Amino acid sequence: MAAITDEQVEAVRALVAAIPPGRVATYGDIADAAGLSSPRIVGWIMRTDSSDLPWHRVIRASGRPAPHLSTRQLERLRAEGVLADDGRVSLRDVRHTF
DNA sequence: CTTGTGACGCACT
DNA sequence: CAGTGCGCCACAA
């Protein structure tokens, strides 16, 4: 069984919404926490389902959001208290563990 | 049905 | 640290 169910999508949205300000989560963490088989699914959910989720708190494992969104995300995260160095977030400090 | 693409991750070089 | 290759799943054409 590899198809994604609504439950999985709901879990991802819940996890993202559960990320407190000043903290960020990686796609891999969310995918694992939601029980997804691949982190790509998380990105797919964010792209398709543009809900009111704080998707800007979701970044890659490299500690840096997507290239096109990086600038906007970093600025928004900076406003929340997430300090980024050279467009790179210190995951060690802000990585939210579920 | 096949192909291409994408808010990704990890291992290797 | 940066670049490359591969695996992964879902969707549009």
Side-chain angles (χ1 to χ4, degrees):
Chain A
M1 182 58 174
I4 302 300
T5 62
D6 298 327
E7 210 170 290
Q8 299 288 63
V9 180
E10 214 173 320
V12 174
R13 298 203 300 182
L15 288 162
V16 176
I19 302 174
R23 287 278 157 89
V24 294
T26 64
Y27 290 94
D29 281 354
I30 294 172
D32 182 64
L36 292 170
S37 329
S38 170
R40 280 191 112 97
I41 309 298
V42 180
W44 160 69
I45 295 170
M46 296 306 210
R47 190 188 56 162
T48 45
D49 189 359
S50 333
S51 308
D52 309 320
L53 299 172
W55 53 273
H56 56 265
R57 287 184 192 149
V58 184
I59 61 180
R60 307 202 302 191
S62 313
R64 187 179 160 169
H68 25 269
L69 306 172
S70 59
T71 311
R72 204 147 132 202
Q73 298 312 91
L74 269 330
E75 201 172 323
R76 200 181 274 255
L77 289 169
R78 191 175 60 136
E80 293 191 347
V82 180
L83 301 179
D85 174 59
D86 191 47
R88 198 174 305 167
V89 180
S90 307
L91 273 178
R92 197 211 67 164
D93 267 9
V94 299
R95 192 174 194 185
H96 174 63
T97 46
F98 295 103

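Being a predicted model, the structure only gives us computed values, none of them experimental. Quick note on labels: first sequence line is chain A, next is B, and so on, each numbered from 1.
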Atom CD1 of A:I30 and atom P of C:dC9: how far apart are they, to the nearest Å? 19 Å
Hey, which of these two, A:T48 or A:R88, hits DNA chain C nearer its 5' end, going by closest nucleotide? A:R88
Heavy atoms, side chains only, cut-off 4.5 Å: are A:V94 and A:L77 in contact? no
Quick one: A:I41 CD1 to B:dT5 P, roughly how many Å, whole number? 19 Å
Can you find a side chain N or O atom of A:R64 that sits less than 4.0 Å from OP1 or OP2 on C:dC1? no
Taking atom P of C:dC11 as reference, at what distance in whole Å does atom CG of A:D49 sit? 12 Å
Counting C-beta onward and ignoring hydrogens, is there a side-chain heavy-atom pair between A:S90 and A:L83 closer than 4.5 Å? no
Do the side chains of A:L91 and A:V24 get nearer than 4.5 Å, heavy atoms only? yes
Contact list (N/O, under 3.5 angstrom) for nucleotides 9-12 of chain B vs protein:
unit_1	atom_1	unit_2	atom_2	d
B:dG9	OP1	A:A61	N	2.8
B:dG9	OP2	A:A61	N	3.2

Rounded to whole Å, please give me the gap between NE2 in A:H68 and C1' in B:dT5. 12 Å
Grab the CD1-C1' distance between A:I45 and C:dC8 for me, whole Å please. 14 Å
Measure CG/A:L36 against P/C:dC9 and give the value in whole Å, please. 11 Å
How about A:Q73 and A:I59: do any of their side-chain heavy atoms sit closer than 4.5 Å? no
Within this structure, what is the CH2-to-C1' distance between A:W44 and C:dA10, rounded to whole angstrom? 6 Å
Sequence-distant partners of A:H96, ring-ring contact (aromatic ring centres under 6.0 Å, His included), two or more places apart: A:F98
Gap separating the CG atom of A:D52 from the CZ atom of A:R13, nearest 0.5 angstrom: 9.0 Å
